[in-house]
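Encoded as structure tokens, the structure appears first; notes follow it.
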2 protein chains.
Amino acid sequence: MSDMIDTLRHDEKMTPKQIEILKAAIELISEKGYYNTSTSEIAERAGVAEGTIFRHYRTKKDLLIKIVKPVITDFSASFFAEQFVHQVFREKYGHFEDLLYAFIKNRFEFAQSNVPLIKILLQELAFHPEIQTAYKRAFSEKVYPALNQAIDFYKQKGELRDLPNETIIRMVVPSVLGFMMTRFILKPDQNWDDEAEIKQTITVIMGGVGGT
Amino acid sequence: MSDMIDTLRHDEKMTPKQIEILKAAIELISEKGYYNTSTSEIAERAGVAEGTIFRHYRTKKDLLIKIVKPVITDFSASFFAEQFVHQVFREKYGHFEDLLYAFIKNRFEFAQSNVPLIKILLQELAFHPEIQTAYKRAFSEKVYPALNQAIDFYKQKGELRDLPNETIIRMVVPSVLGFMMTRFILKPDQNWDDEAEIKQTITVIMGGVGGT
DNA sequence: TGAGTATGTGAGTGATTACTCACTATATTA
DNA sequence: TAATATAGTGAGTAATCACTCACATACTCA
């Protein structure tokens with residue numbers, strides 16, 4: 001729970017009540033969706049007067065944006081920042097599989113600590129142009145270039161097939177996302193051997209499902 | 001557009017106004033979501049008095065269910081019915097790749113004719129237990145057994161790796177879904193060579209992205 | 001034709017919505 | 001301490017919500 005707020009950390013200082021408002025809003029919106037969650041409900045769960053919400057957030061939508069934007073930034077930026085891309089070329093990840101493992105592991109842990117936030121992002125992405133814009137920008141400016149560089153690098157080393165980069169991305173990303181959605185949203189209660197599942201996912205991405 | 005209504009075909013005869021209501025509801029809900037679409041809006045777009053909606057559908061939710069349920073049934077049942085599963089064992093699809101091609105092609109065409117309905121299904125699945133139940137039942141009763149049989153069959157023929165069936169399903173389904181979502185929802189306007197994309201998707205599913 | 005039924009209407013209802021504002025309480029700084 | 005700013009309150013508001021119901025119209029079949 002504190003993870004979620006960490007992710008949301010804005011530069012400004014927040015009052016205790018403001019934190020309670022964010023926590024309540026995240027809980028309720030991730031469960032019932034933005035349009036089916038009322039500001040009076042949020043106030044009640046946060047133990048706060050309804051007016052207090054609007055003291056900190058101009059509108060209900062402003063509250064949603066303030067919740068979702070840091071998730072987009074964090075998800076796309078943090079891992080694809082210098083540390084990561086440069087490490088690729090410093091041979092930290094000798095094989096594409098090593099990179100893939102680090103990538104999945106990293107995003108897996110992020111997802112694990114932020115299930116409600118990611119649920120909100122996925123669910124509301126469809127309905128709010130502001131969120132779509134922010135997401136597209138983050139992807140095309142941060143994620144896509146980083147992926148592109150890395151793929152080119154490993155293609156050159158002969159570790160990747162000579163497929164269009166877009167195709168490779170379109171095969172790798174859903175495989176990883178599909179695993180995480182099954183893991184955290186569809187069947188969160190199942191007994192998972194996460195380490196084994198991650199390795200198996202990598203195996204299949206690399207070698208497909210085809211037989212000998 | 002008429003495709004959508006075809007998918008919805010209930011046994012009972014529908015009046016022209018009822019059809020207009022369904023069409024309007026599908027349009028609006030797929031664009032703005034269930035909770036952000038009001039019955040007055042639906043009535044207005046359908047060219048109908050608001051009371052008429054409730055003459056045919058007991059509640060607003062009833063209207064949603066009547067829209068979504070046939071999609072679940074159609075999507076899961078039609079292709080996995082006898083025709084398909086039996087054809088597998090009659091050697092109609094000699095190789096797993098052939099089956100995969102027929103499968104993707106079939107679901108691709110279904111998706112193409114029903115984009116708004118599938119959008120509604122995906123978006124509202126998260127919030128309505130009734131829909132979740134219907135979906136889970138359809139999957140576990142129709143889709144999963146059919147896939148299981150087919151996978152066992154091709155494993156025995158040595159055309160599939162000896163991975164757990166669940167793993168194979170968890171790798172194949174997101175790849176196909178990922179392609180379709182990119183194709184119809186994320187980038188519907190891009191120039192697509194559908195046939196080539198489908199074949200490439202199959203290639204990657206079978207052989208992974210790994211190099212020689 | 002006439003009686004009965006199915007379909008369609010739209011003004012009306014109480015509940016709920018996001019948001020406001022005059023006010024109080026607390027913290028900050030002069 | 002006095003003055004000012006910030007944080008918190010909750011009753012109030014106009015708009016909108018899903019849904020009802022008395023009534024009008026159109027269709028069916030004896």
Side-chain angles (χ1 to χ4, degrees), chain A residues 5 8-68 120 123-124 127-131, chain B residues 5 8-68 120 123-124 127-131:
Chain A
I5 296 300
L8 293 174
R9 177 164 298 302
H10 303 101
D11 309 316
E12 328 95 44
K13 269 120 205 182
M14 285 195 259
T15 69
K17 301 231 167 192
Q18 193 170 357
I19 292 173
E20 288 308 309
I21 290 169
L22 278 179
K23 275 163 63 172
I26 291 168
E27 280 175 34
L28 287 165
I29 295 176
S30 75
E31 283 165 19
K32 320 197 310 161
Y34 173 78
Y35 289 110
N36 199 32
T37 301
S38 67
T39 49
S40 64
E41 277 177 295
I42 295 171
E44 194 186 18
R45 172 153 327 181
V48 144
E50 204 173 343
T52 309
I53 293 177
F54 295 95
R55 174 80 46 202
H56 295 288
Y57 304 96
R58 286 170 28 261
T59 62
K60 187 190 169 191
K61 191 138 199 170
D62 181 44
L63 172 60
L64 175 69
I65 300 295
K66 292 249 165 67
I67 287 173
V68 160
I120 293 177
Q123 281 156 4
E124 301 303 331
F127 304 123
H128 309 275
E130 309 89 328
I131 299 180
Chain B
I5 297 300
L8 294 174
R9 176 163 300 301
H10 303 101
D11 309 318
E12 329 94 45
K13 268 118 206 182
M14 286 193 260
T15 68
K17 302 231 167 193
Q18 194 170 356
I19 292 173
E20 288 308 309
I21 291 170
L22 278 178
K23 275 162 62 172
I26 290 168
E27 279 175 34
L28 287 166
I29 295 176
S30 75
E31 283 166 19
K32 319 198 310 161
Y34 172 77
Y35 289 111
N36 200 32
T37 301
S38 67
T39 49
S40 64
E41 278 177 295
I42 296 171
E44 194 185 18
R45 173 154 325 182
V48 144
E50 203 174 343
T52 309
I53 293 176
F54 294 94
R55 175 77 49 198
H56 295 289
Y57 304 96
R58 287 171 27 262
T59 62
K60 188 190 169 192
K61 192 139 197 169
D62 182 46
L63 171 60
L64 175 69
I65 300 296
K66 291 250 163 67
I67 286 173
V68 160
I120 294 176
Q123 283 157 3
E124 303 303 332
F127 305 122
H128 309 275
E130 310 90 326
I131 299 180

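Nothing here was measured: the structure is a model prediction, and the numbers come from that model. Letters go in sequence order (proteins before strands), and every chain restarts at 1.
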Point to revise | Sorted by number, the residues of residues 35-54 of chain A with heavy-atom contact under 4.0 Å to DNA chain C | key: A:T37, A:S38, A:T39, A:S40, A:E50, A:F54
Practice item. Please state how far atom CD in A:E20 lies from atom P in D:dT9, giving the value in whole angstrom units. Key: 12 Å
Point to revise | Minimum side-chain heavy-atom gap B:I67-B:Y57 below 4.5 Å | key: no
Revision key, fill the gap. B:Y57 OH to C:dT7 P, in whole Å, measures 12 Å
Check your understanding: Which whole-number value in Å describes the distance from B:K60 NZ to C:dA15 P?
Key -> 19 Å
Check your understanding: Is any side-chain nitrogen or oxygen of A:K17 closer than 4.0 Å to OP1 or OP2 of D:dG8?
Key -> no
Point to revise | Side-chain donor or acceptor of A:K60 paired with backbone N/O of A:Y34 under 3.5 Å | key: yes
Review point. For D:dT6, does OP1 or OP2 lie under 4.0 Å from any side-chain N or O of A:H56?
Key: no
Check your understanding: Can a donor-acceptor pair under 3.5 Å be found between the side-chain atoms of A:R55 and the base atoms of D:dT6?
Key -> no
Check your understanding: Taking the side chain of B:T15 as its heavy atoms from C-beta onward, which of C:dG8, C:dC19, D:dA7 lies nearest to it?
Key -> C:dG8
Practice item. State, without any angle test, whether A:S40 and A:E50 hold a side-chain donor-acceptor pair at a distance under 3.5 Å. Key: no
Exercise for review: Nearest 0.5 Å please: distance from the CD1 atom of A:I65 over to the CD atom of A:E130.
Suggested key: 4.5 Å
**Study point:** Euclidean distance, A:D62 CG relative to A:I53 CD1, rounded to 0.5 Å
**Key:** 12.0 Å
Exercise for review: Grab the CD1-C1' distance between B:I21 and C:dT7 for me, whole Å please.
Suggested key: 11 Å
Point to revise | Rounded distance (Å) that lies between atom C1' of C:dC19 and atom CZ of A:R58 | key: 13 Å
Review point. Can you name the ring-ring contact (aromatic ring centres under 6.0 Å, His included) partners of B:Y35, sequence neighbours left out?
Key: B:H128
Review point. In whole angstroms, how far is the C1' atom of D:dG8 from the CD1 atom of A:I19?
Key: 16 Å
